[in-house]
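Single-structure report; data block below.
Excluded from the calculations below are hydrogen atoms, water molecules and symmetry mates; all remaining heavy atoms, backbone and side chain alike, are included. Read the numbers this way: they start at 1 and go in the same order the structure lists the ligands and their atoms.
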Amino acid sequence: MPLSDCKIIELPKKTDMRGNLTFVESNNQIPFDIKRVYYLYDVPGGADRGEHAHYDLHQFMISMSGSFDVTLSDGYEQKTFHLNRSYYGLYICPMMWRYLDNFSSGSVCMVLASMPYTEDDYIRDKSEFLRLVKG
Ligand code: TYD
């Protein structure tokens, strides 16, 4: 899948003097069924995460607090997205190499995922990923 399939999606925001509210529904704001939610937190300064791709997994990443960068590569080009608001997120399609860095202190990265966790879906070797996408 090309990198252009991955994009920032702005979510609905119910602005309210009592506090704002944002929601996400399967196959509505995001193009897949949500089967799993996980989050990264307590990320130490200077740490990075990711460095892998997935065969079939679709994901949607939201910064629930603070900020971080997500760099995506389809094997041909790469793009870095800065996530720093809880009312938008980054849709990541399958077969996309990613790494996350520049986590601000106290940041929380929530990920909505299209499948339960399985290590079989991971490609953790960059050269294997490049072989798969370049044929
Ligand atoms: P990993 O996906 O490699 O982390 P990241 O891409 O955020 O750097 O996962 C780290 C560890 O957590 C690895 O041992 C697999 C495990 N894990 C689960 O057990 N369930 C999950 O839903 C996820 C995302 C990871």
Keeping to residues at least two apart or across chains, list the ring-ring contact (aromatic ring centres under 6.0 Å, His included) pairs with something in residues 95-135.
His52-Tyr122, His54-Tyr122, Phe68-Phe103, Trp97-Phe129, Tyr117-Tyr122
Does NZ belonging to Lys14 count more than 12 external heavy atoms closer than 6.0 Å?
no
re atom 10 (C) of ligand 1, the protein heavy-atom contact at minimum distance is Arg49 NH2, 3.8 Å
The criterion is salt bridge (Lys or Arg N to Asp or Glu O under 4.0 Å); which residues satisfy it with Arg131, sequence neighbours excluded?
Glu128
In terms of residue, atom name and distance, what is the protein heavy atom nearest to atom 17 (N) of ligand 1?
Tyr117 CE1, 3.8 Å
Mind listing the closest non-hydrogen atom pair of Tyr76 and Val133 along with its distance?
OH-O, 3.6 Å
Main chain of Leu3, side chain of Asp74: is a donor-acceptor contact present, judged purely on distance under 3.5 Å?
yes
Using a strict cut-off of 4.0 Å, indicate which atoms of ligand 1 neighbour a heavy atom of Tyr38.
24 (C)
Under 4.0 Å from atom 3 (O) of ligand 1, do we find at least one protein heavy atom?
yes
Is there a continuous path of hydrophobic side-chain contacts, each under 4.5 Å between heavy atoms, that joins Tyr38 to Met115?
no
Give the residue, atom name and distance (to 0.1 Å) of the protein heavy atom nearest atom 22 (O) of ligand 1.
Arg36 NH1, 2.5 Å
Sub-3.5 Å donor-acceptor pair from the side chain of Ser107 to the main-chain atoms of Gly66, do we have one?
no
SB check Asp16 Arg18 (cutoff 4.0 Å):
yes
Honestly, for Arg124 the part within reach of ligand 1 (heavy atoms, under 4.0 Å) is side chain
Would you mind listing which atoms of ligand 1 come within a distance below 4.0 Å of any non-hydrogen atom of His52?
2 (O), 5 (P), 6 (O)
Which of the atoms in ligand 1, numbered in the order shown and given with their element, are less than 4.0 Å from a heavy-atom of Gly50?
5 (P), 6 (O), 8 (O)
Determine whether any protein heavy atom is located less than 4.0 Å from atom 6 (O) of ligand 1.
yes
Have a look at ligand 1 and work out which part of Val111, if any, has a heavy atom under 4.0 Å from it: side chain, backbone, both or neither.
neither
If you scan protein heavy atoms around atom 9 (O) of ligand 1, the nearest is Tyr122 OH, 4.1 Å
